[in-house]
Amino acid sequence: MQLTKQEQKMLDGAEGYAVQKSMEILTALGEIFGAKSLIKVGSVQVAGVSYHNLGDAGLEFLNELAKDGKVKVLTTLNPAGMDLENWQQLGISPEFAEKQNLVIEAFERMGILVSCTCTPYLIGNLPLYGEHLAWSESSAVTFANSVLGAKTNREGGPSALAAAFIGKTPCYGLHLDENRVPDIHVQVNAEIRKLSDWGALGFAIGKKAENKIPFITGIKSVDLDELKSFCASVVTYGAKPLFYMKGVTPGAELQAQPKETITIEQTDITNAYDTINDDVSGIELVCVGCPHCSINEIAKVAELLKGKTVAEGTEFWVATSRNVKQLADKRGYTQVIEAAGAKFACDTCMAVAPLKGRFKSLATTSAKGCFYSRQNNMKTKMGSIEECVDSAVTGKWNS
Ligand code: F3S
């Protein structure tokens, strides 16, 4: 890989340990993937924030980098293993909280914004069309590439962090236009009505597209919440973190429709629900907010929960970023939701919090949430926000 004089100096250690280590990571990656050079990035989003996933070795690595490392571009964090303020309420142990706080302190010393969310585009980390990024979280990467038209590979935690210290990333993969060409046409003939249908659609396309770049036609209308749900699902279940949706993705009209065509019929959506949903009726955890809730989704939860009470033996988590929760506070939604006995889970989510063994069953709007919760040995049900609120209030899945 061709380095500039300045980059070579950084690799030789002229700017300290964190920069040198980062250059070692980026040049190694660049060599592996055949990058010719580094390219400037507009922002970074770092995954690998939960102490649950990092452990002591990860914490030690971060502390070493934090000794002299300072980020050069806007950098935000993926969800952590707990709500950084109300962790006790969510049943997190003091021992875990202590370690998680050390992780967060290390990131803060690096100059990173402690905005632990998988929807950075809702809180000020909003890329431009064509902008190069180094983002990590799969749903956010897919959203950036496919809804915003930015360009990012799906970075690992260390490579994203390295890009933050350098302000650059190796130019390969989805940074290059020749690798962003759609290679399968997906005609959607199914009716997609409620939020969870978008998760089911993502499942169906992800399974059929198998690591290809879909060019999707047949979508009549879609909103931001539906797109973030679809992005999370389609990449979890198999597609590349880039799709073109006619009428949605900027630049889709410049791409030729691929010859290979598949269709998505109503039976594919039904099959997706059948595969994602387990045979379970009692619900111990309800979680809305995967990806993290927008203010619109929180407003809907508040409207549905008003005057009701979450059933005994069931917990209801509303996962969101702290910034969006502050809007909910101002609008009075928080008060309504908490009065019903539901809890906000800011800064965290059901996939990265240490939940294994705590809950046996989950109801959620999210296909991705079901995928990861099964790894935590939970039985899962996926449905609309209405169905999730109903299951929280009754303690059962009633659909
Ligand atoms: Fe976000 Fe966690 Fe879902 S990172 S996309 S809420 S699994």
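Counting starts at 1 for both ligands and their atoms, following the listed order. Worth saying up front: this structure is predicted, and the values here are computed from it rather than measured. The basis for the numbers below is simple: all heavy atoms, side chains too, and nothing from hydrogens, waters or symmetry mates.
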Practice item. Sort out for me which residue in Thr75, Ile112, Val44 forms a side-chain contact (heavy atoms from CB on, under 4.5 Å) with Leu161. Key: Ile112
Study note, to complete from the structure: Under 2.8 Å from atom 2 (Fe) of ligand 1, the protein N, O or S atoms found are Cys349 SG
Check your understanding: In terms of ring plane angle, is the pair Phe243 and Phe230 parallel, tilted or perpendicular, where the classes change at 30° and 60°?
Key -> perpendicular
Exercise for review: For Thr263 and Asn189, test the side chains for any donor-to-acceptor distance below 3.5 angstrom and give the result as yes or no.
Suggested key: no
Exercise for review: Look at the aromatic rings of Phe359 and Trp317 and report parallel, tilted or perpendicular, splitting at 30° and 60°.
Suggested key: perpendicular
Exercise for review: Consider ligand 1: state whether an atom of it lies below 4.0 angstrom from any non-hydrogen atom of Ala47.
Suggested key: no
Exercise for review: Taking only heavy atoms of Gly289 into account, list the atoms of ligand 1 that are under 4.0 Å away from them.
Suggested key: 6 (S)
Exercise for review: Using the six-membered ring wherever Trp is involved, compare the ring planes of Phe96 and Tyr51 and label them parallel, tilted or perpendicular (cut-offs 30° and 60°).
Suggested key: perpendicular
**Study point:** Side-chain hydrophobic cluster, 4.5 Å single linkage: members besides Ile39
**Key:** none
Check your understanding: For the side-chain hydrogen bond (donor to acceptor under 3.5 Å, both in side chains) test, which of Arg180, Arg154, Lys151 pairs with Asn145?
Key -> Arg180
